[in-house]
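Single-structure report; data block below.
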Amino acid sequence: MTMRVSAVDIIQKKKSKEKITVITAYDYPFAKIVEESGIEVILVGDSLSMVVQGNDNTLPVTMDEMIYHVKMVTRATKKAMVIGDMPYMSYQVSVEQCLTNAGRYLKEAGANAIKLEGGNEVVDLVKALVKAEIPVMAHIGLTPQAIHRMGGYKVQGKTEESANKLFDDARRLEDAGAFCIVLEAIPSDLAHKITSSLEIPTIGIGAGPHCDGQVLVLHDVIGLFDRFVPRFVKTYTNIKEPIISALKQYKKEVEEGSFPSEEHSF
Ligand code: KIV
């Protein structure tokens with residue numbers, strides 16, 4: 001039996017000063033490609049609400065829809081750690097609701113950890129999850145489920161007070177038992193300070209170069225989401241163009257009668 005990369009392996013990477021690369025994936029073919037690339041941690045993010053479902057923000061995606069996607073990703077992979085992201089209102093109501101939904105990721109969908117957004121407000125949930133043997137990736141800074149409170153996707157921790165709160169949140173989440181913390185859209189210096197003060201790894205997205213690892217949304221990396229591109233995104237390739245030109249060629253060949261040819265016929 002092959003064991004997937006685990007929370008223990010991720011913490012060990014920080015100890016041995018190896019950087020951690022995380023990417024999102026939401027379905028079977030892309031999860032297979034990610035595993036083939038050697039990236040060891042796949043986050044089935046609630047970003048799928050925007051990049052796959054076409055919603056304006058991450059709030060609409062449901063727990064059942066997330067389970068459907070996590071199942072595809074675990075089916076496609078053997079080694080990668082698969083983290084199921086807790087969607088909006090799947091954990092905020094009560095500890096019981098949180099445990100029931102997080103448990104579904106491990107029990108029904110084969111994930112080996114979960115992620116949830118929030119600082120001090122979710123510390124009791126993190127403690128309960130850890131007690132129930134569910135590894136937790138925490139997420140602070142720009143937390144997209146709080147878009148209405150934040151008034152948009154804005155860099156967080158710019159004032160002394162908010163930076164102190166984020167620093168404090170990170171310490172409390174570590175004490176509660178989270179195995180790593182995503183730091184999203186915060187100043188590099190603050191991310192550096194948090195990273196140096198924690199035993200567990202920080203995974204940055206728009207948090208500068210000093211985090212222990214990085215995470216990006218797959219569809220941003222490969223040019224499949226262009227509705228808006230935040231400054232922290234690096235588009236490494238654009239697969240939309242070759243796909244469009246292949247489809248144009250197919251259409252042309254069907255219209256002119258050159259496809260299917262003898263070669264593709266029985
Ligand atoms: O939903 C997501 O993909 C995320 C990452 C961007 C961290 O939360």
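From a predicted model like this one, the values you see are computed outputs, not experimental measurements. For ligands, and for the atoms within them, numbers begin at 1 and follow the listed sequence.
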Between [Y] and [X], is the closest basic N to carboxylate O distance under 4.0 Å?
| X | Y | answer |
| --- | --- | --- |
| E40 | K13 | yes |
| E65 | K71 | no |
| E256 | K252 | yes |
| K17 | D212 | no |
| D220 | K234 | no |

Polar contacts were defined as any N/O atom of the residue lying under 3.5 Å from an N/O atom of the ligand; does this apply to [X] and ligand 1?
| X | answer |
| --- | --- |
| E117 | no |
| E184 | no |
| T24 | no |

*Can you tell me which residue and heavy atom of the protein come closest to atom 6 (C) of ligand 1, and the distance to 0.1 Å?*
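Sorting protein heavy atoms by distance from atom 6 (C) of ligand 1 puts I205 CD1, 3.7 Å first.
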*To which protein heavy atom is atom 2 (C) of ligand 1 closest, and what is the distance rounded to 0.1 Å?*
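Going by distance alone, atom 2 (C) of ligand 1 is nearest to S47 OG, 3.3 Å.
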*Just let me know how L43 lines up against ligand 1, side chain, backbone, both or neither, with a heavy-atom cut-off below 4.0 Å.*
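Just the side chain.
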_Test of understanding: given a 4.0 Å heavy-atom threshold, classify the contact between L48 and ligand 1 as side chain, backbone, both, or neither._
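The answer is neither.
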*asked:* Going by side-chain contact (heavy atoms from CB on, under 4.5 Å), S90 matches just one of L116, N101, I114. Which one?
replied: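 Of L116, N101, I114, side-chain contact (heavy atoms from CB on, under 4.5 Å) with S90 is met by N101 alone.
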*Identify the two heavy atoms, one from L43 and one from D85, that lie closest to each other, and give their separation to 0.1 Å.*
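Heavy atoms of L43 and D85 come nearest at CD1-CB, 4.3 Å.
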*Is K115 near ligand 1, meaning one of its heavy atoms is under 4.0 Å from it?*
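It does; at least one heavy atom falls under 4.0 Å.
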*Heavy-atom contacts with G45 under 4.0 Å: which atoms of ligand 1 show up? List them by number with element.*
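Ligand 1 atoms under the 4.0 Å threshold to G45: 1 (O), 2 (C), 3 (O).
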